[in-house]
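As the structure is a prediction and not an experimental result, all values here were calculated from the model. Counting from 1, the numbers follow the sequence of the chain as shown. In each ligand, atom 1 is the first atom listed, and ligand 1 is the first ligand listed.
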Amino acid sequence: EQRKSPEKQWSLKDFEIGKPLGKGKFGRVYVARELQSKYIVALKLIFKEQIEKYKIHHQLRREMEIQTSLRHPNILRLYGWFHDDERIFLILEYAHRGELYRLLRKNGHLSEKQAATYIASLTNALAYCHEKHVIHRDIKPENLLLDHEGRLKIADFGWSVQSRSKRHTMCGTLDYLAPEMVENKAHDYAVDNWTLGILCYEFLYGAPPFEAETQSDTFKRIMRVDLSFPSTPTVSEDAKNLILRVTSGPGLHTKALASEDFGASLDNQECRSCWYMRYIAFLSF
Ligand SMILES: COCCOc1ccc2cc1OCC(=O)N(C)CCCNCc1c[nH]c3ncnc(c13)N2
């Protein structure tokens, strides 16, 4: 019978390390070339002592299992991993044009067409994740990358969870968190939908809608959904309606969550959430 080839055991000697691509909370990312195939990848190095110190074994293992299982054009591939005495190495798809964040900061804000393209890619990637019961929970511009064709890739599923029930873990930077997250309440797929609205606002205006001097002020603004549209740059009514509709989104889902048969409703919740996401994708063209 066809024998499955044993998983190749990679090691550092299989790669030639290139320039650093950036430094994250738990590790650095480098461009690298696999010597045999000459294939260009990104290598993320995470020091084991950091994993011990921040006790992120489970989170990292869950993230690696999730990202390895996901296959979508807008989700950065995790091809495999290996480790030596002090480091873990993630072998990742390389995004040649780097972080969307830099493009946003360089241009100040994006055109509606560009914003709509990225939001549609994000929506499709998140709808795919939700169909596989994965909630990302930490979508922010730093984790959005662009490949050599300018196609959006979501990286860093550090806070993602395989979810069949309510989640209670507090995570993510405050700016992008939905009300039920900042209230540390049970949350579900809708939190990623909410973040789409926040990102859409940031793509079009150059800053997230609830930015404030202090975290507690941002917290209050999120809870009040205290969102307003500056007079410049000029943004179409359709785009504003999309943002308003999605940031009122948690209300829709929260009603379903509040119902005592939450578990049962989860299935329609999922299909509602996926329907909702596809609807957003349709709207954002
Ligand atoms: C536990 O970790 C899970 C995987 O997390 C990541 C995978 C790939 C990443 C970044 C990831 O996490 C975020 C992070 O480390 N930074 C914000 C610093 C580096 C920014 N990368 C910039 C970059 C430029 N071209 C790239 N092509 C592929 N991957 C890249 C980059 N970065």
Side-chain angles (χ1 to χ4, degrees), residues 10 12 14-34 37-84 86-106 118 121-122 125-126 129 132 134-162 169 171-176 192 195 199 202 208:
W10 294 106
L12 203 45
D14 294 316
F15 297 92
E16 180 189 6
I17 309 280
K19 65 176 174 143
L21 293 171
K23 187 176 174 333
K25 199 166 167 197
F26 300 115
R28 290 172 181 277
V29 184
Y30 298 83
V31 74
R33 187 202 332 259
E34 199 278 317
S37 62
K38 302 276 178 271
Y39 197 73
I40 301 290
V41 293
L43 267 189
K44 180 162 179 177
L45 281 60
I46 306 167
F47 283 92
K48 289 183 177 177
E49 65 173 355
Q50 295 282 330
I51 297 174
E52 309 293 329
K53 182 178 162 195
Y54 292 101
K55 306 215 176 323
I56 52 163
H57 300 78
H58 302 296
Q59 181 188 331
L60 184 60
R61 172 163 296 286
R62 180 176 58 214
E63 132 124 43
M64 289 156 72
E65 280 156 6
I66 288 176
Q67 201 155 355
T68 311
S69 69
L70 297 176
R71 296 276 193 284
H72 188 277
N74 298 115
I75 294 176
L76 198 78
R77 280 293 310 282
L78 173 58
Y79 298 124
W81 60 79
F82 57 93
H83 64 98
D84 62 15
E86 65 271 355
R87 293 163 297 186
I88 288 181
F89 299 82
L90 306 183
I91 309 167
L92 294 143
E93 174 183 1
Y94 173 49
H96 185 82
R97 292 197 199 170
E99 295 172 28
L100 175 53
Y101 194 68
R102 293 185 193 289
L103 181 80
L104 194 55
R105 290 294 166 264
K106 187 162 74 74
Y118 293 141
S121 304
L122 261 172
L126 287 175
C129 287
K132 296 181 73 116
V134 171
I135 313 177
H136 189 288
R137 302 194 307 175
D138 188 20
I139 312 273
K140 55 189 180 210
E142 296 86 327
N143 291 340
L144 303 178
L145 303 171
L146 298 169
D147 72 0
H148 59 293
E149 289 165 340
R151 205 170 23 204
L152 182 133
K153 302 274 180 181
I154 304 178
D156 192 8
F157 278 72
W159 286 97
S160 52
V161 284
Q162 203 82 25
T169 332
C171 61
T173 41
L174 220 47
D175 276 310
Y176 304 90
D192 282 340
T195 304
L199 279 169
E202 181 163 9

Q: Take Ile75 and Cys129, measure what side-chain contact (heavy atoms from CB on, under 4.5 Å) needs, and give me the verdict at the end.
A: CA-CA 9 Å; Ile75 294 176; Cys129 287; 3.6 Å; yes

(Q) For the NE2 atom on His96, are there more than 12 heavy atoms of other groups (residues, nucleotides or ligands in this structure) within a distance under 6.0 Å? (A) no

Q) Just wondering, are more than 12 heavy atoms of other shown residues or ligands nearer than 6.0 Å to CZ in Arg87? A) yes

Q.
Would Ala95 count as a polar contact of ligand 1, with the cut-off being nitrogen or oxygen pairs under 3.5 Å?
A. yes

Q | ligand 1 atoms in contact with Glu93 (distance to a heavy atom under 4.0 Å) | A | 27 (N), 28 (C)

(Q) Within the structure, is a non-hydrogen atom of Phe26 found at a distance of less than 4.0 Å from ligand 1? (A) no

Q. In terms of heavy-atom contacts, does NE2 of His83 have more than 12 from other residues, nucleotides or ligands at under 6.0 Å?
A. no

Q: Below 4.0 angstrom from a heavy atom of Leu60, which ligand 1 atoms are there? Numbered from 1 as shown, please.
A: 1 (C)

Q) Can you list the ligand 1 atoms lying under 4.0 Å from a non-hydrogen atom of Gly22? A) 18 (C), 19 (C)

(Q) Holding to side chain to side chain contact (heavy atoms under 4.5 Å, CB included), I want the full list of residues that pass it with Phe82, two or more places apart in sequence or in another chain. (A) Trp10, Leu12, Phe15, Leu43, Phe89, Ile91

Q.
I need the atoms of ligand 1 closer than 4.0 Å to a non-hydrogen atom of Lys23, numbered in the order shown.
A. 18 (C), 19 (C)

**Q.** Close-contact set for ligand 1 against Leu76 heavy atoms, below 4.0 Å
**A.** 8 (C), 28 (C), 29 (N)

Q | Backbone or side-chain N or O of Gln67 under 3.5 Å from ligand 1 N or O | A | no

(Q) Check this for me, if you would: do Arg61 and Glu65 make a salt bridge, where the nitrogen-to-carboxylate-oxygen distance has to be below 4.0 angstrom? (A) yes

Q) Of all the atoms in ligand 1, which lie at a distance below 4.0 Å from a heavy atom belonging to Leu90? A) 2 (O), 3 (C)

Q. Among Ile88, Leu90, Leu21, whose side-chain contact (heavy atoms from CB on, under 4.5 Å) with Lys44 holds?
A. Leu90

Q.
Show the atoms of ligand 1 that are less than 4.0 angstrom away from any heavy atom in Leu92.
A. 7 (C), 8 (C)

Q: Give a yes or no on whether a salt bridge exists between Arg151 and Glu149, defined as a side-chain N under 4.0 angstrom from a carboxylate O.
A: yes

Q.
Taking 4.0 angstrom as the limit and counting only heavy atoms of Ala42, give me the atoms of ligand 1 inside it, by number and element.
A. 27 (N), 28 (C), 29 (N)

Q) Any idea which part of Leu145 is under 4.0 Å from ligand 1, heavy-atom wise: side chain, backbone, both or neither? A) side chain

